[in-house]
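Heads up, the thing below is written out as structure tokens.
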Amino acid sequence: METIFSKSLGVDGIGGKSGGKSECKLGDFLPENLLRQEPVGLPQLSELEVMRHYKALSDRNFCIEKGFYPLGSCTMKYNPKVNELLASLEGFTNLHPLQSDEDSQGALELMYNLQEKLKYITGMDAITLQPAAGAHGELTGMMIIKKYFEVKGETNRKKVIVPDSAHGTNPASAKMCGFDIVEVKSNSKGQVDVEALKELIDGDVAAIMMTNPNTLGIFEESVLEISDLMHKNGSLLYYDGANFNAIMGWTNPALMGFDVVHLNLHKTFATPHGGGGPGAGPVGVVEKLKDFLPSPIIEKQGGKYVRNYNITHSIGKVRSFYGNFGVLVRAYAYILMMGNNLKLASADAVLNANYIKEKLKGAYDLPYDEPCMHEFVLSGEKQHHQGVSTLGIAKRLMDSNYHPPTVYFPLIVHEAIMIEPTESESKAVLDGFIETMLKIAKEIEENPEEVLKSPQTTPIKKVDETLAARHPDLTYKN
Ligand SMILES: *Cc1c(COP(=O)(O)O)cnc(C)c1O
């Protein structure tokens, strides 16, 4: 070939003529004026050079394989590598989504079985695997709720109640669906204030969106009373299942009275995330909402697995085909591998969080001093008088090879530091983290200037945030 885009490929065999002598010109397929006349000038590098480049980039990144990643609300647990192997099996990766049911029995069986497992785990009656993320699941759930009331002729139900501790995606999803958001306050125990809630409930309320445990990592003890109040009002309850890692096998949203649930398979059910990669946010519903799910749902009919597109009041599709199939394979493998140990995973996640909380609560403020579930929220308020904010504490942690916790969320805690250790870390790792946090608290008292210089050991050191905001340099230079 003259160049990569030479006009005449002259490749043997293209066109499929026997004898292999046929000549095929790009001009046969594309108009001449669209063909590149000059080489494009791509860098010419060897495979080894390319590999070194990407390895160097990946070395600059932090990941769970490099160290403790206590990013609250994100459940950065260990993702067993065998799941990756299974998701990359050729039978799965080479399957075309338009292939017939007949040709796709294995994949359909997997999706059907996963639906069944998730029904069991959540207590819901039907599941869609389509949504591609938690927020996408929320939107799907809210669309279902909206259509449910439309079909019932209760179009006046325009309000959705959201606690002030909620994840930002909750009000955003409801709003995108056309609902008006009404905020309910938390009480001094960090839980929904039931008396305040009663004031907000009226005939125009469609639903309440809650997560339990909530974003403070605290279990909503009044959840049954709340679901009773809502149901008596003809309203529905949406469960944000992002915190499911705290409750697997111990309770479920159906028992708490919820009607619609999303799960984050990429949090609780072991798909690597954090870099914006593909996720899955399956949505489960109770019986009366079954006919509103997106289509298709995978069903078993006479020993065969089929895609059922015939769903009476379906909200339609929320994503192309069947969702992020590879994530579904990982979740299914993880659930099968764990079995009843899912319960143990939640117990360990809760134990680990309480352990760190108890060890740190003297050195840092703990605004809600309650037993926590899988995560808890400290405040950097106590350190503030030394000129070090929560952001400074987070950056100092990076010098000891820890990913910073989630900071400044939930919004109801000043200088929030949200720590979620997950079940997969050993006591030694937790102790190392505790020791570092205590050391930082001490350093802030004794030598705050040093803390303010952090991060000092990462590939990119402390950045000048003012300069970066005023004069952003967005080009890559060697
Ligand atoms: C992560 C999270 C979400 C959103 O999920 P995505 O998969 O990131 O869209 C919603 N609610 C809570 C509490 C979360 O932690």
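Atoms within each ligand, like the ligands themselves, are counted from 1 in listed order.
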Within the structure provided, determine whether [X] and [Y] are in side-chain contact (heavy-atom separation under 4.5 Å).
X: D164; Y: L411; answer: no
X: M373; Y: I247; answer: yes
X: H273; Y: M76; answer: yes

* If you measure from NE2 on H403 to CD1 on I64, what distance do you get to the nearest 0.5 Å? -> 10.0 Å
* Asked: Taking atom types as modelled, is there a side-chain donor on E138 or N170 under 3.5 Å from an acceptor on the other?
  -> yes
* In a check of side-chain hydrogen bond (donor to acceptor under 3.5 Å, both in side chains) between N243 and each of T268, T211, T75, which one passes? -> T211
* Structure fact -> By chain and number, the residues contacting ligand 1 below 4.0 angstrom (heavy atoms only) are S73, A133, G134, A135, E138, H167, T169, D240, A242, N264, H266, K267
